[in-house]
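Hydrogens, waters and symmetry mates are skipped; everything else that's a heavy atom, side chains included, is used.
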Amino acid sequence: MKNIKNAKWIRHPEVYVDQVIEFSKSFVTDSEVESATLEITSLGVYEAKINGKRVGDYIFAPGWTSYNKRLQVETYDVTGMIKANNHITVGVAPGWRGNYMAAPFHYAGNFIGAKEVALLCALEIVYKSGETQVIFSGKDWRARQSKVRYSNIYNGYIYDSDYFDRKPKAATEFPHPTEILIDRVGEKIVEVERVGAKKLIITPKGETVIDFGQNLTGYVEFTVKGEAGETVKIRHAEVLDAQGNFYTDNLRDAKAEAVFICNGRKQKYKPPYNFYGFRYICLEGFSDEIKPENFTAIVVHSEMKRTGHFECSDERINKLFSNIVWGQRGNFLDVPTDCPQRDERLGWTGDAQVFVKTAAYNYDVERFFIKWLGDLRADQTVWGTIPHVIPDVFGVDDECSSAWADAATVCPWQIYLSYANEQILKDSLDSMKEYIEYIKTRLVDGIWVQHWHFGDWLNLDGSSDQDCSKGTDKQLIATAFFIYSSEILIKSMKLLGEDASEVEALRNGSLEAFRRRYMKEGRIAPEYATQTACALAVRFGVSDDIAETAAQLNELVTECGHIKTGFVGTPYILHALSDNGYVKTAYDLVLREEYPSWLFSVKMGATTIWEHWDSFREDGSMWSTSMNSFNHYAYGCVGDWLYGDAAGINADESNPGYANIIFRPLTDERLDYVKASLETRKGLVKSEWKRENGKTTYTFVVPEESTATAYIGGKEYVLKSGTNEITE
């Protein structure tokens, strides 16, 4: 940032809530331009144009950060856009603001701390003569209302194609911090794919609906003419109900509408400031003949490179994997949101924590999480607590939940493992320490007892519409996660050359306390025994007899025949089974098609991951209307088992970033083949096993810069660079 801190924040002199304001300035250049650079940010989200051409391809800039503490600045090279006579316009919309769920809390539905939108920018022009001109945002700019008459992230927009504010006013300067400005840290948000309409439907209610065939996050580009003054409306939804009618009850208070006021001329339009989560759109008020080819869904998300691929002989699993990827695409829009469609779309820490490993297989998410973890650290309270959502819009100071708050340790550690990024551990170490120190104040005889927790959210042991957190004992979960996070902190401190003895003593005290209270003869005591309790005890190494507790878990699963875990237990249950010899049971869960299972949603036609095991039931009913997202990626955490166990591609903690690769593929007679690939910092890694004529052939590809070991049938194989083949 070279010039922007010398600019002035500007806004419209009048307050217009939920509107887009267009700021503009004309200027001339007197000599030949050598270079031109625009530094820009906003309160809200902006779209800048110079001489009518859009600047860059970054949409929803400057993204969503903890606005009162960190605000990103983007720097664009605009040299080729400058002429002799110039006009710059910047539309600014509210963006991530006005959250209904946040209304009862301190922020009162206001993410940016100001009702009105605002702009800050600096345009530097360097002439070939050596002279420099800098154009700053200030009171010499004009401000007018735009054709976007209404813009709200949940309700949608109203665009009046014939409106023109004929009375622009001088922009008003106002004081707002510039010390919070940072260069862009995260990935920019971009348009990544166009999806054509698949089907035109007339529902039993007579609604005109277009099906795009895929639940996605983005918006619709459409062509319309209409009569002057005619209003058309596009409504967005994820599913049709049991009767085949358009269904929006699960959106709660979000209207998710696009309203367009025609001017009598044929126009093509797409919204620059709004996004939706949808598969279906319902068209209202169109006097034109409705043609599917006039409607295109545009997929948007953070610009992440696709790194991982998985395939097997069972097309149901392949569809599940596709749903996992689409779930990540739909919810990795600058922050790891829980869902993209209803009146929420928040960066829930628990969802991010359970999915980060899968995320790092599917895509290069290093930069994405560096940015989000920066906001997590910024929003961590003085007590060390981690808010439930990042950026924090609830503003409840002394509150955090185990498994959710543990994103402060789990996410940095996974980014370190996937990318050998030691800096993320250095940046996060104090945050980890403060979080563990906070829990220390809540321990009673080694057990974390003094707090409210989400528990095993949406589990099938005891949850209901009224309380989604019943089931596994919350103190058991909290203490297990404390032990797990303490272990991550200990490893991080040692790696960075710090003395971790105090944390080790604290961890060991809780480990002993856990075993005294919750363990009996190597098993979880009967009164506490659930699939989640056993899975955590095994996976986190808190059981005093891992083999016996794993056997107990296997018994619990085989007795009922299905998975019962929620958000806390699901990421670990398959690993706890397959790591301890119960590979068939793990595959039984993955290959099960009846409810509850991952493949149940596939059977029911899902194209993303559901929030609930039974978001849509076989009888056509819904789990609920109050909390029922059909694009909620948390249960997509099964993806890391598909990569790491079914295909067998694993990073080595002692040599991260896939500098040393551990191949440990697990076969099952119900599959003929499994193959996966991963583009790492060291190069392309591949793993495949294939069963033919009673033999299984394993093929591994190792990058030249990596070492690798394969473990097959109890044997250890040291692999060479390039392609390795083993037959058993």
Side-chain angles (χ1 to χ4, degrees), residues 20 22 45-49 52-61 91 93 95 146-163 188-201 208-226 230-238 246 254-303 326 329-330 333-334 340-341 607 631:
V20 176
E22 184 179 279
V45 298
Y46 68 82
E47 182 183 74
K49 294 181 179 180
K53 293 185 178 180
R54 195 186 194 287
V55 176
D57 61 352
Y58 185 172
I59 60 176
F60 310 137
S146 78
K147 293 179 183 294
V148 182
R149 309 301 300 133
Y150 176 85
S151 179
N152 179 280
I153 199 169
Y154 303 113
N155 291 333
Y157 67 88
I158 299 173
Y159 181 86
D160 187 342
S161 60
D162 210 29
Y163 176 80
K188 62 184 179 181
I189 308 163
V190 295
E191 296 180 351
V192 293
E193 186 175 345
R194 300 172 69 87
V195 178
K198 299 298 187 291
K199 187 186 302 183
L200 179 63
I201 301 169
T208 301
V209 171
I210 287 179
D211 177 9
F212 290 100
Q214 174 64 54
N215 197 3
L216 57 90
T217 298
Y219 39 76
V220 174
E221 180 182 79
F222 59 96
T223 301
V224 65
K225 183 179 180 182
E230 177 180 303
T231 298
V232 300
K233 181 186 292 186
I234 299 175
R235 299 164 59 212
H236 301 75
E238 294 185 285
F246 200 69
K255 292 182 179 179
E257 297 175 343
V259 177
F260 188 92
I261 302 173
C262 305
N263 61 12
R265 298 186 294 275
K266 186 176 181 180
Q267 298 174 83
K268 180 179 285 188
Y269 184 74
K270 64 179 179 180
Y273 309 110
N274 295 81
F275 69 89
Y276 308 84
F278 66 100
R279 170 177 171 171
Y280 302 91
I281 58 173
C282 181
L283 307 178
E284 299 179 0
F286 283 77
S287 61
D288 302 342
E289 178 187 359
I290 293 177
K291 300 178 180 179
E293 59 265 29
N294 287 339
F295 299 86
T296 301
I298 299 177
V299 179
V300 302
H301 57 71
S302 291
E303 191 177 44
W326 274 100
R329 297 177 76 188
L333 198 156
D334 208 43
Q341 74 296 99
T607 61
N631 190 356

Please name the pair of heavy atoms, one in Ser302 and one in Asp334, separated by the smallest distance, quoted to 0.1 Å.
-> OG-N, 2.8 Å
Applying side-chain hydrogen bond (donor to acceptor under 3.5 Å, both in side chains) to Glu284 and not counting sequence neighbours gives Arg235
Got Leu283 and Phe222 here, is their nearest side-chain heavy-atom distance under 4.5 Å?
-> no
Where His236 and Ala256 come nearest, the two heavy atoms and their spacing | ND1-O, 2.9 Å
Residue list, side-chain contact (heavy atoms from CB on, under 4.5 Å) with Lys268, at least two apart or on another chain = Glu221, Thr223
Would you please name every residue forming a salt bridge (Lys or Arg N to Asp or Glu O under 4.0 Å) with Arg54, sequence neighbours left out?
-> Glu47
Return each pair, listed once, that meets side chain to side chain donor-acceptor pair (under 3.5 Å) where at least one residue sits in residues 288-297; pairs must be two or more places apart or across chains.
-> none
Under the side-chain hydrogen bond (donor to acceptor under 3.5 Å, both in side chains) test, which residues partner Ser287, sequence neighbours left out?
-> Glu230
Can you name the closest pair of heavy atoms from Val220 and Pro271 and give their distance?
-> O-CD, 3.7 Å
For Ser151, the side-chain hydrogen bond (donor to acceptor under 3.5 Å, both in side chains) test, sequence neighbours excluded, returns Asn274
With sequence neighbours left out, write down each residue that passes side-chain hydrogen bond (donor to acceptor under 3.5 Å, both in side chains) with His301, or none if nothing qualifies.
-> Arg329
Option among Tyr269, Tyr219, Tyr150, Phe275 that satisfies the ring-ring contact (aromatic ring centres under 6.0 Å, His included) test with Tyr157 | Tyr269
Indicate yes or no for a side-chain donor-acceptor contact from Tyr276 to the backbone of Glu257 under 3.5 Å, with no hydrogens or angles considered.
-> yes
Close side-chain approach of Val299 to Trp326, heavy-atom, < 4.5 Å | yes
Heavy atoms, side chains only, cut-off 4.5 Å: are Phe286 and Ile234 in contact?
-> yes
side-chain contact (heavy atoms from CB on, under 4.5 Å) against Lys198, all qualifying residues, sequence neighbours excluded = Val195
Which residues satisfy the side-chain contact (heavy atoms from CB on, under 4.5 Å) test with Ile261, sequence neighbours excluded?
-> Ile158, Asp160, Thr231
Side chain to side chain contact (heavy atoms under 4.5 Å, CB included) between Tyr280 and Ile210, worked out = CA-CA 6 Å; Tyr280 302 91; Ile210 287 179; over 6 Å; no
Which pairs count as salt bridge (Lys or Arg N to Asp or Glu O under 4.0 Å) when at least one residue sits in residues 269-281, sequence neighbours excluded?
-> Glu191-Lys270, Asp211-Arg279
Looking only at heavy atoms, what is the nearest atom pair of Pro292 and Ala197, with distance?
-> O-CB, 3.5 Å
Heavy-atom closest pair, residues Gly277 and Asn215 = C-OD1, 4.2 Å
Does the side chain of Lys255 reach to within under 4.5 Å of the side chain of Asn152, using non-hydrogen atoms?
-> no
With sequence neighbours left out, what residues match Asp162 under salt bridge (Lys or Arg N to Asp or Glu O under 4.0 Å)?
-> none
Once you round to the nearest 0.5 Å, how far does OH of Tyr159 lie from NZ of Lys147?
-> 5.5 Å
Results of side-chain contact (heavy atoms from CB on, under 4.5 Å) for Gln267 - residues two or more places apart only | Ser161, Phe260, Asn263
Note: Gly330 and Thr217 closest approach over all heavy atoms is O-OG1, 2.8 Å
